[in-house]
Structure formats: structure tokens, C-alpha cells
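Here is the structure we will look at, set down as C-alpha cells.
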Amino acid sequence: MRKLIFMDDFIAARAQMALSLGFHIIFACVGMVMPFLMAFAHWKYLKTGNKIYKGLTKAWSKGVAILFATGAVSGTMLSFELGLLWPGFMKHAGPIFGMPFSLEGTAFFIEAIAIGFFLYGWDKFNKWFHWFCGFLIGLSGLASGILVVAANAWMNSPSGFDYINGKYVNIDPIKAMFNDAWFPQALHMTVAAFCATGFAVAGVHAYLIMRKKNVEFHTKAFRIAAAFALIGAFGAPLSGDVAAKSVAKRQPIKLAAMEAHFETEKGAAFVLGGIPDEEKGDINYAIKIPKVLSFLVSNDFNAEVKGLNDFPRDEWPPVSVVHYSFQIMIFFGVIMICIGSLYLYTFFFKKQWLTKNWFLKTFFFATPFGYIALEAGWTVTEVGRQPWIIYGIMRTADAVTPMPGIQYSFYFFTAIFISLSLIIIFLLRRQIQMVPKLYDPTDEQFNFKNKKS
Amino acid sequence: MIYVVIGFLWLSVCLYLILGGADFGAGIVELMTKKKNRKYTEKIMYESIAPVWEANHMWLVIAIVILFVGFPEIYTTMSTYLHIPLVLMLLGIIARGTAFTFRHYDAVKDDWQIIYTQIFYYASLLTPFFLGLIGAATVSQSINPDATTFLDLYIFSWLNWFGVSVGFFVVALCAYLASIFSLRETNDRLELNLMIKKSHQTMIFVVITGILVFATAYFSGIPLVKWVFSKPLGVMAVTFATVALGLILKAMNNKKLLPVRALAGFQMIMILVAATYQHNPDIILLGNGEHLSLLKHIAAPKTITALGWALMLGSLFILPFLFYLMFSFTKASKKLD
């Protein structure tokens with residue numbers, strides 16, 4: 001019983017890190033994509049002069065402000081947590097993989113400045129300078145995201161140093177930044193961010209259209225968001241293919257865990273679902289599509305795919321977690337592609353469906369799908385790298401802080417994250433409730449005096 | 001190149017103390033104002049920090065990144081032995097940043113405002129206090145990696161009277177900076193007089209806590225007096241800071257507000273010089289007699305070179321853009337509109 005209540009320090013540190021990253025990533029993605037939605041609406045306003053677009057830009061910019069502030073503080077926190085929880089790792093890795101972080105500092109800084117200009121700069125600056133600041137928030141957010149992913153990629157694909165007799169020598173931080181995994185990971189992550197944010201925003205506005213209030217306002221919002229969601233939904237499988245091929249080459253054991261693929265074989269089957277049995281080295285109740293896994297990783301139906309049994313047992317990642325997460329990601333990815341196709345079909349051939357309840361409901365249900373897939377995908381990447389913190393070089397257990405009592409820190413941060421999440425949901429709800437009064441100029445309750453920008 | 005990196009580290013700590021500090025001070029000043037005047041201080045403070053607060057806090061992120069890329073051993077020593085105060089400081093940063101944003105962006109203004117405001121106040125106190133405490137711990141030889149018990153390793157590494165007084169001193173400095181900086185954001189004579197009064201009060205607070213720092217240092221056997229006054233640079237810094245104080249009082253009487261701001265910023269730089277130059281380049285003095293040095297405990301040469309270039313290029317983008325932002329939202333430029 002005592003064991004149940006008190007986790008050990010190592011598990012607590014991992015749990016806290018996972019929670020912090022999982023929390024931060026939501027806001028990071030919003031910061032990467034939402035400004036583009038906002039800048040697009042703003043551009044429409046500047047071109048057409050339609051006040052609804054202006055209201056929409058402002059409404060979204062409030063969302064960006066709330067979520068960016070949360071992302072900024074949770075990001076600041078992470079830069080400390082790396083050292084608080086993993087000093088053994090940072091002591092050696094900091095100088096090697098730190099390059100993208102120092103560039104990210106610049107990008108993040110520019111983002112914070114641009115957001116100041118944009119939020120407080122209405123009617124104060126040249127309108128295109130003001131527009132550009134909005135766009136710049138997105139651009140620098142995107143750059144930050146890519147740089148941080150490059151740092152993470154280094155942990156999966158360490159390079160830019162030689163590891164000789166337990167020492168890290170010949171350090172080259174530029175080489176480390178452009179490691180083999182950075183491009184596939186960054187590409188897949190960028191696309192996934194568009195997918196997740198696009199679906200989330202589209203879903204919220206779809207719900208509000210169904211409520212039959214401010215329909216024109218929300219329809220415009222819905223269409224912009226859905227267009228961005230489509231980029232993500234269709235881009236995800238393509239970038240995912242690039243990512244999977246790269247994983248197969250660099251981290252065959254991770255790929256094997258993703259697919260719960262135990263025996264090395266030629267013409268390996270692609271496994272869908274199923275319950276892996278790590279003891280027996282088998283998977284039950286799975287759907288197997290013959291030869292497809294081989295084809296996916298190397299464009300050859302008969303290629304050999306390495307199985308988990310080829311690796312020492314103490315280098316296996318937790319197979320079930322990685323496998324289930326991968327399945328969840330694929331499942332929601334496929335559903336989002338279907339919804340995306342439905343949207344395209346409707347848009348070109350069946351315009352009348354756009355206002356139908358079942359159509360909007362579909363999007364409403366899909367609100368969290370992108371984020372579920374995103375979190376599941378990151379679980380695959382991070383848990384799939386275990387037991388290593390630097391793949392093949394340093395074990396996670398050797399990196400953890402010597403300070404005992406990390407479980408209390410974990411409880412403490414969990415409480416913070418839960419309360420922050422609740423407040424943010426509450427705040428966004430209140431923003432949405434105020435749309436008629438504050439943001440939609442065609443609404444009869446709209447009153448410019450309500451507004452302080 | 002290492003000097004470029006150290007220069008940027010010092011610059012970002014300094015700017016964080018001045019800009020971020022004024023920002024925290026805004027919450028402290030509001031908290032220290034009598035209820036009936038709070039609506040004024042809230043408005044003045046809000047106008048002076050709203051568009052720039054997020055940018056102000058980036059300096060901390062820059063400093064941390066420089067530490068962990070360029071000086072990993074220093075970073076990990078601090079994050080291991082000062083784990084607890086760092087977490088508490090983080091709590092302050094999270095609570096304050098979010099409460100400030102939520103207070104402004106909550107679309108409905110109701111009783112929730114009281115909760116946001118209370119969190120904003122107390123978090124504004126918490127962060128600079130622990131920042132001071134952490135700064136004090138690096139030089140008070142309280143961090144001892146050779147210790148064996150949990151208390152000695154992770155608690156008494158930072159918990160001592162000297163640290164607590166430095167914490168209060170930093171809180172006082174923040175409040176002082178905020179009230180001085182806000183003078184130029186006031187709209188009329190009434191507001192101006194209110195803030196001048198605040199500036200006087202916080203000035204006294206700075207002097208008292210400053211004396212407290214020296215007293216606790218003396219009783220804890222930390223040779224602070226010797227550190228600060230044994231070399232000409234220290235004596236000069238302290239003299240300049242004192243002279244600046246007199247000039248500030250005079251300029252404030254004459255309602256010359258721009259020089260007041262500049263002088264207060266200058267004072268902070270002098271205080272930081274006095275506090276850091278003495279054991280430079282040793283940045284952490286450990287309890288086992290060893291030192292961590294900015295010149296010795298550094299990353300590989302290629303990393304330092306790359307980091308230096310990244311910082312210089314970054315500042316080319318950041319600084320002009322940042323100054324334009326700050327200039328655009330000062331009261332003076334608003335009046336031009």
C-alpha cells in the first residue's frame with residue numbers, strides 16, 4: 001500500500017516531466033498555428049473591409065494572448081525543469097544540444113515583442129506593420145517549435161560529439177542541431193500542430209454555429225480553421241511516412257515497439273490494434289496486414305524488419321505503452337483524414353451540407369482528436385526512446401537528480417497544471433459567451449463601448 | 001568569445017533585474033497601496049507594464065539558456081542544490097504571469113477579478129524574494145556538495161538569515177523600481193504625487209533592507225563589507241549609487257521624470273556591479289571551499305563560439321525591435337498621437 005501512495009523518485013521525475021511537456025505542448029502548438037489563423041482573418045479584413053473579420057481577429061487574438069501567456073510560463077518552467085529533474089543529463093548534453101535552445105530564445109523573444117505590438121497596437125501603427133506583427137507571432141512561434149523539436153531529435157539521434165571512455169569529446173553543436181532526426185520530426189510536428197489546432201478551433205465554432213447565434217461570424221471562423229485543419233490532416237500521413245522511415249533506420253527498436261513486432265522477419269505484417277504480451281513475445285487479437293510494414297519502412301514488400309527479440313531485454317522500451325499510443329495516433333489520424341475528405345467533398349459538391357447539423361456535429365466531436373493524436377504521437381517518441389535519455393549513450397535512470405522527495409514535487413505540479421487547465425477552459429468559455437457583445441459587429445447587442453482592446 | 005558570452009549573461013541578469021524587477025514591483029506597489037488608492041495604482045501600473053511584461057521576462061529565459069549551454073556545471077549545481085527555492089520561484093512566475101493575463105483578458109469582470117488580483121500580488125512578492133535568496137546562496141558558501149544529510153544538502157544550502165534578507169532586499173528594489181518607473185505613466189498631479197509618495201516609501205524600504213543584508217552578513221560570518229569596499233570599483237559603485245539617490249530625490253522634486261528613470265536604472269547596475277565583481281569570475285562559492293568559475297567551468301570551445309554568435313545575431317534582431325516596442329508604449333509617445 002505504501003508503495004502505491006509513494007512513487008519512487010525516478011518514476012516521479014519522469015511523470016512530472018511527461019506532464020509538463022504534455023501540458024506545454026498544447027500551448028506551444030496553439031502559439032505556432034493560431035496566429036496564422038488570426039493573421040489570415042486580419043488580412044481578409046484589411047482586403048475586404050468586412051468588420052466581422054476584424055471582430056474575429058480580435059476575438060482570436062484574445063485567445064492567443066491567454067494561451068501564449070500560459071505557454072510562455074510553462075516553457076520558462078521547462079527550461080528550469082531540465083536541470084531540476086535531469087542534472088546528470090544537462091551537465092553533459094547542455095553544451096551539445098543547447099544550440100537550438102539559444103536560437104529559440106531569440107525566436108521566443110521576437111514572438112513576445114510581436115505579441116505586444118499586435119495586441120496593443122490597434123489603430124496606433126501603420127495597418128500593414130500591425131498585420132505583419134500578427135503574422136510574425138506565428139512565424140517566430142513556428143521557428144521556436146522547430147528548434148525545440150531539433151533539440152529533442154538529438155536525444156533520439158545523438159550526433160555532433162564522440163563518446164570515448166565515458167567522456168563527451170569533439171563537441172560540435174551545429175552538427176548536433178542538424179542531426180538525422182531533426183527534419184522528419186520537425187516536419188511531422190509542424191503538420192500535427194496545424195491539424196490539432198485547426199480541428200480544435202473548427203470544432204468550437206461548429207458547435208457555436210449549431211447554437212444558431214452569430215452564425216455568420218462563426219461560419220467565417222469555422223471555414224478558416226477547417227482549411228488549416230485540412231493542411232494538417234492530409235499532411236500528417238505524408239510527414240508521418242518520412243518520420244517512420246527515419247525511425248526504422250535510426251531506432252529499429254522503437255519501430256518494433258510501435259508495431260509490437262517481436263520476431264525479425266522478411267515481409268513483416270503491419271499490425272493494427274491488438275494486445276501485446278511482452279512475456280510470451282506475441283500479440284493477441286490484432287489485425288495483421290501482410291507485408292505492409294516492410295513496404296512502409298523500406299518501399300520493399302519483402303524487406304527485413306528487425307524484431308524486439310534481437311535486442312537485449314534491458315534495452316526494450318515499455319512495449320505496450322508505445323504500441324497503444326501509436327495505435328491511438330493512427331486511429332485518430334485516419335478519422336481526421338476521413339473528416340477532411342468529407343469537408344472537401346461537401347465544399348465542392350454539396351454546399352448545402354455545410355449548414356447541416358450532422359455535418360457540424362461531426363466537427364464538434366472531432367474537437368480534441370488532433371490533440372489526442374498529437375499527445376499520443378509524442379508518447380511514442382518519448383516512451384519509445386526509453387530506457388535511454390540520450391539514445392544508446394546515457395540511460396534516463398543515470399540522469400535523474402540525486403534529491404529525494406521528487407514525488408511531492410510531482411503532486412505539486414500536477415495540482416498546478418490541473419488548476420491552470422480548469423481556469424483556462426473557464427476563461428475561454430467566457431470569451432466565447434461575450435462574442436455577441438464584444439466581437440460580432442452585426443449582433444444587436446454589440447456595443448463598441450464594451451470594448452477595451 | 002567567452003567574454004562575449006559572459007557579457008550577455010551579465011546583461012540579461014541585469015536587464016531582468018531592472019525590467020523584470022520593475023514588473024514584479026508593480027504588483028508589490030499595488031499590494032502596498034491603501035485600498036482607496038488601489039484603483040489608481042492598478043491603472044498606472046497596468047499602463048506601464050501591459051505591452052512589455054512578456055518581453056521583460058524573456059531575459060530570464062535567455063540567462064538560463066546561456067547557463068545551461070555555456071556553463072552546464074554551474075547550471076546543474078544550482079538546479080540540484082537549490083531545487084526547492086527554484087521550484088518556489090517558478091511557482092511565482094507561473095502564478096503571476098497567468099494571473100496578470102487572466103485579470104486583463106477575462107471577458108467578464110466579476111468577483112474572479114479579486115482572486116486573480118490576490119494571486120498576482122502575492123506571486124509578485126514570491127518570485128523576487130526567492131530570486132534574491134538564490135542569488136545569496138551562490139555566494140554565502142551554504143551549498144556544500146560534500147554534505148551527507150538531506151537537510152544540509154537541500155535545505156540549509158539556501159535557508160539562512162543572510163539569504164532571507166537578500167530576498168527582502170530584492171523585493172524592496174523591485175518595488176522601488178516600479179514606483180520610480182511609473183512616475184512617467186501618471187496622468188495628472190494627483191496621481192503623480194501619489195506615486196512620488198510611493199517612491200519615497202519604497203526608497204526607505206530599500207535602505208532598511210540593505211542595512212539588514214549587511215547586518216546578517218556580518219553575523220553569519222560572510223565578509224560582505226570586505227568584498228564590497230576593499231577594491232576601488234566597489235567603493236565607486238556604492239558611491240555612485242548613493243549620489244544617484246540624491247539626484248533622484250532632487251529630480252523628483254523638480255518633476256524631471258526622465259532623468260529619474262535613467263538614474264534608477266543606473267543605480268541598479270551599480271548595485272549589481274558591487275554585488276558581483278568582487279569574486280568574479282567565480283560565480284558560485286561552495287561550502288567545501290571550492291569555487292565554480294565562469295572562466296574555468298565552461299562548455300567546449302566550439303559551443304562557446306556558436307553560443308556567442310547566436311547571442312550577437314539574436315540581439316541584432318531583438319534589441320531594435322524591443323526598444324521600438326518600449327518607446328511606442330510610453331506615455332510620452334502616446335501624447336504625440
Side-chain angles (χ1 to χ4, degrees), chain A residues 62 65-66 68-70 72-77 79-84 87-88 90-96 98-99 101-106 108-110 112-117 119-121 124-125 169 171-174 401-405 409 412 416 420 423 427 430-431 433-434 438, chain B residues 50-55 57-58 60-62 64-66 68-70 72-73 75-81 83 86-87 89-91 93-95 97-98 100-102 104-108 112 150 153-154 299-300 302-304 306-307 310-311 313-315 317-318 321-322 324-325 328-329 337:
Chain A
K62 296 298 155 63
I66 293 170
F68 178 78
T70 317
V73 292
S74 58
T76 307
M77 206 174 83
S79 67
F80 281 94
E81 272 184 303
L82 284 171
L84 291 173
M90 289 308 285
K91 196 168 169 178
H92 299 293
I96 311 174
M99 202 55 213
F101 282 114
S102 50
L103 297 172
E104 194 255 348
T106 304
F108 192 18
F109 215 133
I110 291 175
I113 299 172
I115 214 165
F117 272 119
L119 291 174
Y120 298 91
K124 283 203 184 86
F125 301 100
V169 293
I171 290 171
D172 183 345
I174 308 289
T401 177
M403 192 179 103
S409 159
F412 179 68
I416 291 179
L420 267 182
I423 298 180
L427 276 175
R430 300 236 279 202
Q431 283 286 344
Q433 283 164 354
M434 293 303 275
L438 293 182
Chain B
V52 288
W53 81 266
E54 261 154 348
H57 289 270
M58 292 298 136
L60 178 67
V61 178
I62 302 281
I64 289 302
V65 170
I66 295 177
F68 79 57
V69 179
E73 219 175 321
Y75 170 78
T76 50
T77 303
M78 287 177 71
S79 58
T80 305
Y81 300 105
H83 189 114
L86 278 168
V87 165
M89 186 185 89
L90 278 178
L91 173 71
I93 290 176
I94 298 170
T98 47
F100 180 74
T101 310
F102 295 168
H104 182 59
Y105 284 109
D106 196 342
V108 186
W112 275 84
F150 179 81
L153 277 168
Y154 303 110
K302 270 198 179 171
T303 303
I304 294 293
L307 178 62
L311 289 167
L313 288 176
S315 59
F317 285 102
I318 292 169
F321 201 30
L322 180 66
Y324 184 48
L325 177 77
S328 302
F329 290 101
D337 288 344

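All figures in this text were calculated on a predicted structure; none of them were measured in a lab. Lettering of chains follows the sequences in order, A, B, ..., and the numbering in each one begins at 1.
Of the residues considered (A:Ala114, A:Ser74, A:Gly75), A:Ala114 shows the highest number of contacts with chain B, using heavy-atom pairs under 4.5 Å. In terms of non-hydrogen atom pairs under 4.5 Å with chain B, the most contact-rich of A:Ile66, A:Thr401, A:Ile171, A:Leu84 is A:Leu84. Contact tally against chain B (heavy-atom pairs below 4.5 Å) for A:Gly98, A:Gly83, A:Gly88: the top residue is A:Gly83. Ranked by heavy-atom pairs shorter than 4.5 Å toward chain A, the options B:Phe317, B:Phe150, B:Tyr81 are led by B:Phe150. Chosen from B:Leu91, B:Leu153, B:Leu311, the residue pairing most often with chain A at heavy-atom distances under 4.5 Å is B:Leu91.
Separating the CD1 atom in A:Ile423 from the CH2 atom in B:Trp112 is a distance of 5.5 Å, to the nearest 0.5 Å. Note that the CD1 atom of B:Ile93 and the CG atom of B:Leu86 stand 9.0 Å from one another [nearest 0.5 Å].
The minimum heavy-atom distance between B:Ile66 and B:Leu307, with the atom names listed, is O-CD2, 4.2 Å.
Contact annotation for A:Ile174: only side-chain heavy atoms (C-beta onward) come within less than 4.5 Å of a heavy atom of chain B. In this structure, the portion of B:Val65 lying under 4.5 Å from any heavy atom of chain A is its side chain and not its backbone. Residue B:Met89 touches chain A through its side chain alone, counting heavy-atom pairs closer than 4.5 Å. If you measure heavy-atom distances from A:Ile416 to chain B, the contacts under 4.5 Å come from the side chain alone. For chain A, the nearby part of B:Ile64 is the side chain; its heavy atoms alone come within less than 4.5 Å. Contact annotation for A:Leu82: both backbone and side-chain heavy atoms come within less than 4.5 Å of a heavy atom of chain B. With a 4.5 angstrom heavy-atom cutoff, B:Ile62 touches chain A only via side-chain atoms. Both the backbone and the side chain of B:Phe68 come within contact range of chain A, each with at least one heavy atom under 4.5 Å from a heavy atom of that chain. Both the backbone and the side chain of A:Ser102 come within less than 4.5 Å of a heavy atom in chain B.
Applying the side-chain hydrogen bond (donor to acceptor under 3.5 Å, both in side chains) rule to B:Glu73 yields no partners; only residues at least two apart in sequence or on another chain are considered. Applying the salt bridge (charged side-chain N to carboxylate O under 4.0 Å, His left out) test to B:Lys302 and every residue at least two apart in sequence or in another chain returns A:Asp172.
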Chi angles and distances behind the side-chain contact (heavy atoms from CB on, under 4.5 Å) call for B:Leu60, A:Phe80: CA-CA 10 Å; B:Leu60 178 67; A:Phe80 281 94; 4.0 Å; yes
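In this structure, A:Phe125 and A:Phe117 have perpendicular ring planes: the angle between them is above 60°, well past the 30° mark.
Using a 4.5 Å cut-off on side-chain heavy atoms (C-beta onward), B:Thr80 and B:Tyr154 make contact.
Aromatic rings from B:Phe321 and A:Phe109 are positioned such that their centres are separated by 6.0 Å or more.
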